[in-house]
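First comes the structure, then the notes that go with it.
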2 protein chains.
Amino acid sequence: MQAEPDHLPIGRFAKAAGIGVEAVRFYQRKGLLGEPERPPGGIRRYGQADVARVRFIKAAQRLGFSLDDVAQLLTLEDGTHCSEAAEFATRHLADVRARLRDLKRMEAALSQLLAHCDSQHGSVACPLIASLHGAR
Amino acid sequence: MQAEPDHLPIGRFAKAAGIGVEAVRFYQRKGLLGEPERPPGGIRRYGQADVARVRFIKAAQRLGFSLDDVAQLLTLEDGTHCSEAAEFATRHLADVRARLRDLKRMEAALSQLLAHCDSQHGSVACPLIASLHGAR
DNA sequence: CTTGACTCCGTACTTGACTACGGAATTACC
DNA sequence: GGTAATTCCGTAGTCAAGTACGGAGTCAAG
């Protein structure tokens, strides 16, 4: 049958999303990803929206969010009632901003290291620990 | 004996750093943290520099770095020869910048959600997935 | 100088996030 | 329409990052 971009069987879907077939099923069990309807005596098909969803999951994970965090973020995406959404979003936003602060400090420390390194050779230390001082 | 800030026994040290005693030993086994000398028939003592080091480890983890990544970052802190340092630092810097980009997008999406949410009640969706589109 | 808390060190268990396996059903290709 | 590749689904194993346990040695308060 058609393997067009919005009727991908699980194997192609997983490849398109950059994960394994087993990981797809794992995310479905965790509730991060829906199981498309299975036509009687047929197989499930996946679309581009599913691919984007998985890419988001992987991106958020790289930013240090657990799958439980990602699940909450996805409920925001999916549209919850405003009052609950605001609560989650506020908390996650504070979290995101704290991470941003630390990452910026880290970027500064690393790029200063490189600047030093370029200009003179020998050995240099990088005050990474000090740069995040006051972090929590 | 003295329990002054630079002669902490492992229990106080762990508490000061916000982790458990077992985690301290675990980081030592991983090489993230040195084992202070043990005076013959005595116990090891830890100082503020160790506390700061552990705090850095935890902060970096929250930013999505694995302990192996953190180990590399710490070699920069500890001061390596410039040529190797530059290589690591360049790679990590690119990584940090990619994360920064994604986090900024996420921050924008979340704060927009809140802005919408404040101004009108009912249900709102948050285009988080779309906000990271083009992420890797 | 004893007693209770703490340290040391090795091994084993737990949790989160997958990854692998295997047998029955479905699909795709010639 | 047969057969090789996929899918399905359940169970089990793996790896990272800890956490817990336990017995022998050390410290510190009375």
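Predicted, not measured: the structure shown is a model, and the values here were computed from it. Here is how names work: the chains are called A, B, and so on, in the same order as the sequence lines, proteins then strands, and each is numbered from 1.
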Without swapping roles, check the side chain of Arg38(B) against the backbone of Gly42(B) for a donor-acceptor pair under 3.5 Å. yes

Proximity to DNA chain C (any heavy atom under 4.0 Å), residues of residues 18-28 of chain A only: Glu22(A), Phe26(A), Tyr27(A)

Can you tell me if Gln61(A) touches the phosphate of dG16(C), counting only side-chain N or O atoms and a distance under 4.0 Å to OP1 or OP2? no

Interatomic distance, Ile57(B) CD1 vs dA16(D) C1' [rounded to whole Å]: 15 Å

For His7(A) and dT27(C), give me the distance from atom NE2 to atom P, rounded to whole Å. 15 Å

Using whole Å, what does the distance between atom C1' of nucleotide dA5(D) and atom CZ of Arg12(A) come to? 12 Å

Between Lys30(A) and Pro40(A), who's closer to the 5' end of DNA chain C by nearest nucleotide? Lys30(A)

Can you tell me if Arg29(A) touches the phosphate of dG16(C), counting only side-chain N or O atoms and a distance under 4.0 Å to OP1 or OP2? no

Look up atom CD1 in Ile19(A) and atom CG in Leu33(A), then write down how far apart they are to the nearest 0.5 Å. 7.0 Å

Could you give all pairs that pass the side chain to side chain donor-acceptor pair (under 3.5 Å) test and reach residues 14-26 of chain B, with sequence neighbours left out? none

Can you tell me which nucleotide in dC8(D), dA17(D), dC8(C) comes closest to the side chain of Arg38(A)? dC8(D)

Cluster question for you: counting only ILVMFWY and a side-chain heavy-atom cut-off of under 4.5 Å, with indirect links fine, are Ile10(B) and Ile43(B) together? no

Nearest to the side chain of Ile10(A), which nucleotide is it out of dC8(D), dC9(C), dT26(D)? dC8(D)

Among the nucleotides dC27(D), dC18(C), dG18(D), which one has an atom lying closest to any side-chain atom of Lys58(A)? dC18(C)

